[in-house]
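Contents: one structure, followed by commentary.
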Amino acid sequence: MEAFLQQLNESQREAVLYNEGPSLVIAGAGSGKTRVLTYKIAWMLQNGISPYNILALTFTNKAAREMKSRIARMADEDTARRLWMGTFHSLFSRILRREAEHTGFRSDFTIYDAQDSKNLLKAIIKEKQLDDKVYKPASIQAHISKVKNELITPERYLADKELIEYDNFTHKPAIADIYMTYRNRCKTAGVMDFDDLLLYTYLLFDENPEIKARYRNQFRFILVDEYQDTNSAQHEIVRQLTTEQHSICVVGDDAQSIYSFRGANIGNILDFRKTYPESKLFKLEQNYRSTQIIVKAANSLIDKNKEQIPKHIYSRKSPGDAIPVICAYSDLEEGYIVAGRIAEMRMIRHCEYKDFVILYRTNAQSRIFEEALRKINIPYRIYGGLSFYQRKEIKDIIAYMRLTVNPNDEEALKRVINYPARGIGDTTVNKIVATATTHNVGLWEVLADPLKYNLNINSGTAKKLESFRKIIYRLAEIALTQDACETGRAIVKETGLLGELYEDRTPEGLSRVQNVEELMSSLNAFVSSRREEGIREISTGDFLAEISLLTDQDTDKNAHADWVTMMTIHSAKGLEFKNVFIVGLEEQLFPSERSMQNPRNIEEERRLFYVALTRAEETVFLTYARNRFRNGQSQSCVPSRFLKDIDRQYLHIPADAAFGHSPVQPSFSAPHSQTKPERYTSLRKLAREENEPDVTVQHQSIGPLQVGYRIRHERFGAGKITALTGENENAKAVVLFDNFGSKQLLLKFARFEIIKE
DNA sequence: GGCCGGGGCATTTTT
DNA sequence: TGCCCCGGCC
């Protein structure tokens with residue numbers, strides 16, 4: 001471990017070693033933030049702190065997974081697993097399930113995704129006979145989400161004069177009532193939406209001081225990643241769990257706070273030192289990613305923001321080239337220019353396609369680049385769009401799973417009660433909803449005993465409902481006695497879902513079948529990986545709990561395939577590319593039209609541009625068009641004000657691209673000292689070697705297996721056995737996989753073959 | 001229940 | 001311009 005510490009720079013090391021009280025680590029772009037977090041945790045573990053006492057919160061599953069696997073390499077797999085490390089949402093849902101008896105929910109509550117909540121709101125607005133032009137479901141949803149993130153319950157909302165007055169003022173006086181109904185409906189349905197996972201955790205701690213104390217005592221060390229993205233609820237929960245002397249370490253970069261629109265509060269990080277007056281401040285200011293010019297250009301840009309924590313980010317890489325600014329006549333030409341540059345650079349500089357990314361402000365911009373790339377046969381991939389779990393066929397199956405776990409789940413029930421078609425129409429569903437609402441019970445209660453609630457339906461409909469009910473009962477029974485895999489299989493078979501899909505021979509139909517197969521195989525993988533961990537019972541609920549909080553942002557399969565990447569700047573956060581094109585740098589597009597009223601929003605847009613610039617390792621191109629097709633008509637455009645915010649000495653501005661000033665020659669004509677391999681890479685290798693797990697009973701060989709053999713695992717691919725431990729039932733192999741880090745496999749369950757070198 | 005056409009609308013997105 | 005949603009019609 002001492003050796004590890006040598007691998008850190010001074011400020012990183014200081015941040016890692018300070019654990020005596022609250023600390024704020026300002027981590028500039030590319031400054032080795034994740035490494036500080038992982039080393040810090042590894043250091044704690046090394047010093048005898050139990051993983052059980054460490055709470056590490058991240059925003060995405062991907063971040064949590066990466067950190068976990070790095071820690072597994074430095075400590076060991078089992079310890080890493082016992083850490084409380086994960087997203088806010090997943091860890092809090094774990095706590096809420098555990099403490100269910102104090103929450104008013106059952107431990108098997110299901111989770112509404114954004115679409116479900118919107119559908120429910122839409123239904124409520126309709127039931128209340130409100131005008132959905134005034135009460136637009138999407139904006140009501142955003143509003144409710146916002147107040148929840150401010151920890152405002154329906155009761156508090158009603159009592160809040162200002163909120164009520166504001167709603168009257170905007171002619172939407174029914175919002176409080178909609179919110180109340182929504183909350184109650186979720187409660188009777190036994191479901192939580194994403195915001196509820198935070199809100200109810202806060203309320204749990206708030207209303208039960210002894211529970212709060214228990215967790216506060218348990219989590220003696222708390223780490224929060226991407227603190228600039230926390231919303232008020234997250235901030236407050238962290239406060240509930242800490243004292244002013246607590247060892248809490250928050251890591252983030254105020255300059256990269258770009259999610260205020262979904263509730264993130266940059267004040268959390270800016271005012272951290274007011275919240276914890278005793279806290280220490282560490283700054284990671286060396287950027288290991290980008291050339292000096294890129295870093296300096298980005299600095300000069302972000303300097304124009306008022307609200308920020310002072311810092312001096314620097315790079316010791318080569319100076320690099322000045323940043324070309326390219327002006328195109330039209331959006332179409334912008335596409336051709338970028339595509340042409342990529343082709344050219346690939347030839348001249350021997351880059352691969354995957355070294356390029358095109359970053360834009362809005363998804364709508366992607367189409368033109370798509371067409372331009374396709375025209376000259378450049379392979380590309382667009383990030384974003386419909387995620388795997390949002391596809392209809394997947395949501396249908398998941399809805400059935402949700403019903404087997406929680407038959408009162410309203411949105412799941414509405415989704416599949418007539419799919420595949422069973423002749424149960426809207427009228428019937430509406431009657432069920434109305435009956436359930438008047439009796440204040442879940443939909444399933446009504447469905448299970450229609451007579452008791454005087455459900456007004458004819459005998460034909462009653463029969464149809466009966467047969468649906470039987471299906472769900474049967475599936476629920478399977479879910480009770482068998483594992484998640486069997487349940488999944490039964491769902492596909494018994495409901496006739498797959499049959500329905502097989503009939504469709506169109507390409508879309510085939511891809512739907514493939515998606516279902518993929519879901520089934522992920523179910524399989526889930527069950528078998530839990531088995532390998534030695535867990536015997538794996539219920540459908542366990543699977544749901546995991547995937548409800550998952551997105552396929554997380555599945556970065558094909559990450560090494562060779563294609564150009566296109567994405568919004570927002571989704572590029574945290575990533576890096578050798579060459580970056582930032583396109584559409586025009587007023588009203590970037591900064592977006594909507595951000596213009598408010599200087600704070602402009603600052604956020606500027607941070608967004610900062611994020612874009614700092615994705616690049618070697619080269620950045622900035623492009624804008626003079627004319628652009630927007631909303632059906634061609635508009636002439638003005639170059640973005642942000643171009644003027646970058647110190648001109650770092651830009652290369654040709655005459656035709658002049659914006660605001662007269663063109664000048666670039667100040668650096670790039671003496672090309674090729675970037676040396678970063679210290680970073682060698683470090684990582686070192687880190688990997690030094691950390692074989694300390695396990696109890698070690699063997700040189702078990703059966704045909706020997707330490708040092710290479711194997712190929714069904715899911716994790718190739719890897720080397722680094723240790724063999726345990727006896728018989730508990731025999732395990734520790735395998736260092738080429739692409740998945742170190743894993744312990746329970747030999748009884750693990751599926752792999754021995755391969756030759 | 002599915003298909004077609006009109007109207008409205010048009011940042012950013014993870015959990 | 002293009003997409004999505006809704007409502008009407010078969």
Side-chain angles (χ1 to χ4, degrees), chain A residues 57-64 86-94 111-119 122 126 132-133 136-139 141-142 145 148-149 192-199 201 225-226 229-231 233-234 256-264 331-332 359-368 383-387 389-390 418-426 500 504 545-554 567-574 584 586 588-597 601 604-605 607-609 611-612 628-635:
Chain A
L57 296 161
T58 66
F59 271 83
T60 62
N61 294 299
K62 194 176 163 195
T87 62
F88 280 92
H89 296 264
S90 72
L91 294 185
F92 292 170
S93 76
R94 205 153 116 195
I111 293 174
Y112 275 178
D113 67 15
Q115 192 58 53
D116 294 322
S117 352
K118 198 154 99 191
N119 288 343
K122 209 185 278 180
K126 205 166 187 179
D132 66 358
K133 297 277 179 298
K136 291 181 194 149
S139 73
Q141 184 187 24
S145 170
K148 278 185 176 178
N149 288 157
M192 292 200 194
D193 66 20
F194 292 134
D195 302 315
D196 288 335
L197 296 173
L198 306 179
L199 177 60
T201 301
D225 191 14
E226 306 275 18
D229 288 337
T230 48
N231 61 35
Q234 289 160 329
Q256 294 185 66
S257 166
I258 54 174
Y259 281 115
S260 75
F261 70 91
R262 63 178 203 221
D331 46 0
L332 225 62
L359 298 179
Y360 35 77
R361 177 67 242 266
T362 67
N363 284 307
Q365 289 165 262
S366 68
R367 234 195 58 234
I368 281 182
Y383 269 66
L386 209 53
S387 93
Y389 295 100
Q390 287 173 344
N418 199 32
Y419 183 80
R422 305 188 172 89
I424 305 172
D426 284 351
E500 180 113 336
D504 187 350
E546 170 131 333
I547 61 152
S548 310
L549 299 173
L550 223 100
T551 54
D552 64 352
Q553 284 290 79
D554 301 322
M567 57 172 84
T568 63
I569 302 169
H570 281 94
S571 34
K573 198 170 133 217
E586 296 135 39
Q588 311 199 64
L589 182 59
F590 194 11
S592 92
E593 202 168 3
R594 302 228 198 168
S595 68
M596 296 223 188
Q597 298 86 337
N601 292 343
E604 177 149 324
E605 296 275 310
R607 291 194 292 269
L608 193 57
F609 190 25
V611 168
R628 175 176 300 275
F629 247 85
R630 286 187 77 197
N631 301 344
Q633 49 203 333
S634 180
Q635 288 179 349

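The figures that follow rest on heavy atoms only: side chains count, while hydrogens, waters and symmetry mates do not. Here is how names work: the chains are called A, B, and so on, in the same order as the sequence lines, proteins then strands, and each is numbered from 1.
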Could you run through nucleotides 1-6 of chain C and give me one letter per nucleotide, 5' to 3': B if any protein heavy atom sits under 4.0 Å from the base, S if only the sugar-phosphate is that close, - if neither? BS---S

Could you check A:M567 against A:L359 for side chain to side chain contact (heavy atoms under 4.5 Å, CB included), going step by step and ending with a plain yes or no? CA-CA 5 Å; A:M567 57 172 84; A:L359 298 179; 3.6 Å; yes

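- Between A:H89 and A:R630, the residue whose closest nucleotide on DNA chain B is further toward the 5' end is A:R630.
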Begin from the C-alpha positions of A:K126 and A:D132 and carry the test salt bridge (Lys or Arg N to Asp or Glu O under 4.0 Å) through to its verdict. CA-CA 7 Å; A:K126 205 166 187 179; A:D132 66 358; over 6 Å; no

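- Stacking between A:F261 and B:dT12 is shown: the ring centroid lies under 5.5 Å from the centre of the six-membered base ring, and the planes differ by under 30°.
- Looking at A:L549 and A:F194, their side chains come closer than 4.5 Å, going by heavy atoms from C-beta outward.
- Relative orientation of the A:F92 and A:F88 rings is perpendicular, given thresholds of 30° and 60° on the angle between their planes.
- One interatomic measurement links the two molecules: CG of A:L589 to P of B:dT12, which rounds to 10 Å at whole-angstrom precision.
- A:S592 comes within contact range of at least one nucleobase, with a heavy-atom separation under 4.0 Å.
- Applying the side-chain hydrogen bond (donor to acceptor under 3.5 Å, both in side chains) criterion to A:Q588, with sequence neighbours excluded, gives no partner residue.
- The side chain of A:T568 contributes an N or O atom lying less than 4.0 Å from OP1 or OP2 of B:dT13.
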Tabulate atom names and distances for all N/O pairs under 3.5 angstrom spanning the protein and nucleotides 1-6 of chain B.
residue	atom	partner	partner atom	Å
B:dG1	OP1	A:N418	ND2	2.7

Chi angles and distances behind the side chain to side chain contact (heavy atoms under 4.5 Å, CB included) call for A:F59, A:T230: CA-CA 8 Å; A:F59 271 83; A:T230 48; 3.8 Å; yes

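- If you check every strand for non-hydrogen atoms under 4.0 Å, A:E605 touches a base.
- With both ends at atom C1', the span from B:dT14 to C:dC3 equals 24 Å, rounded to whole Å.
- OP1 or OP2 of B:dA10 has not a single side-chain nitrogen or oxygen of A:N363 nearer than 4.0 Å.
- From A:I258, atom CD1 reaches atom CD1 of A:I569 across 8.5 Å, with rounding to the nearest 0.5 Å.
- Remark: C1' of B:dT14 and CE of A:M567 are 15 Å apart, rounded to the nearest angstrom.
- When side chains are defined from C-beta on, A:S595 does not count as touching A:E604, because their heavy atoms never get closer than 4.5 Å.
- Nucleotide B:dT12 holds its C1' atom 5 Å from the CZ atom of A:R361, rounded to whole Å.
- The CD atom of A:E604 sits 16 Å away from the P atom of B:dT11 (whole-angstrom rounding).
- Using a 4.5 Å heavy-atom threshold, the side chains of A:K573 and A:D229 count as touching.
- Every ring pair (Phe, Tyr, Trp, His ring centres under 6.0 Å) that A:F590 has, sequence neighbours left out, goes to A:F609, A:F642.
- Following rounding to the nearest Å, A:D229 (CG) and B:dT13 (C1') show an atom-to-atom distance of 11 Å.
- Residue A:F59 is in sugar-phosphate contact alone, with no base atom involved, counting any heavy-atom pair closer than 4.0 Å across all strands shown.
- Legend: residues meeting side-chain hydrogen bond (donor to acceptor under 3.5 Å, both in side chains) with A:Q365, ordered by chain and number and at least two apart, are A:T362.
- Phosphate proximity of B:dT13 to A:S571: present, with a side-chain N or O under 4.0 Å from OP1 or OP2.
- Put simply, CD1 on A:I569 is 15 Å from P on B:dT11, counting in whole angstrom units.
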Dot-bracket for DNA chain B, please. Rules: Watson-Crick or G-U, both distances under 3.5 Å, ( ) within the strand, [ ] when a pair crosses earlier ones, | for another strand, . otherwise. ||||||||||.....

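- Regarding A:E593, its CD atom lies at a distance of 10 Å from the C1' atom of B:dT11, rounded to whole Å.
- Rounded to whole Å, the distance from CZ on A:R594 to C1' on B:dT12 is 10 Å.
- With rounding to the nearest 0.5 angstrom, the OG1 atom of A:T201 is 10.5 Å from the CD atom of A:Q234.
- With a 4.5 Å cut-off on side-chain heavy atoms, A:L198 and A:H89 count as touching.
- Rounded to the nearest Å, the gap between the P atom of C:dC4 and that of B:dT13 is 15 Å.
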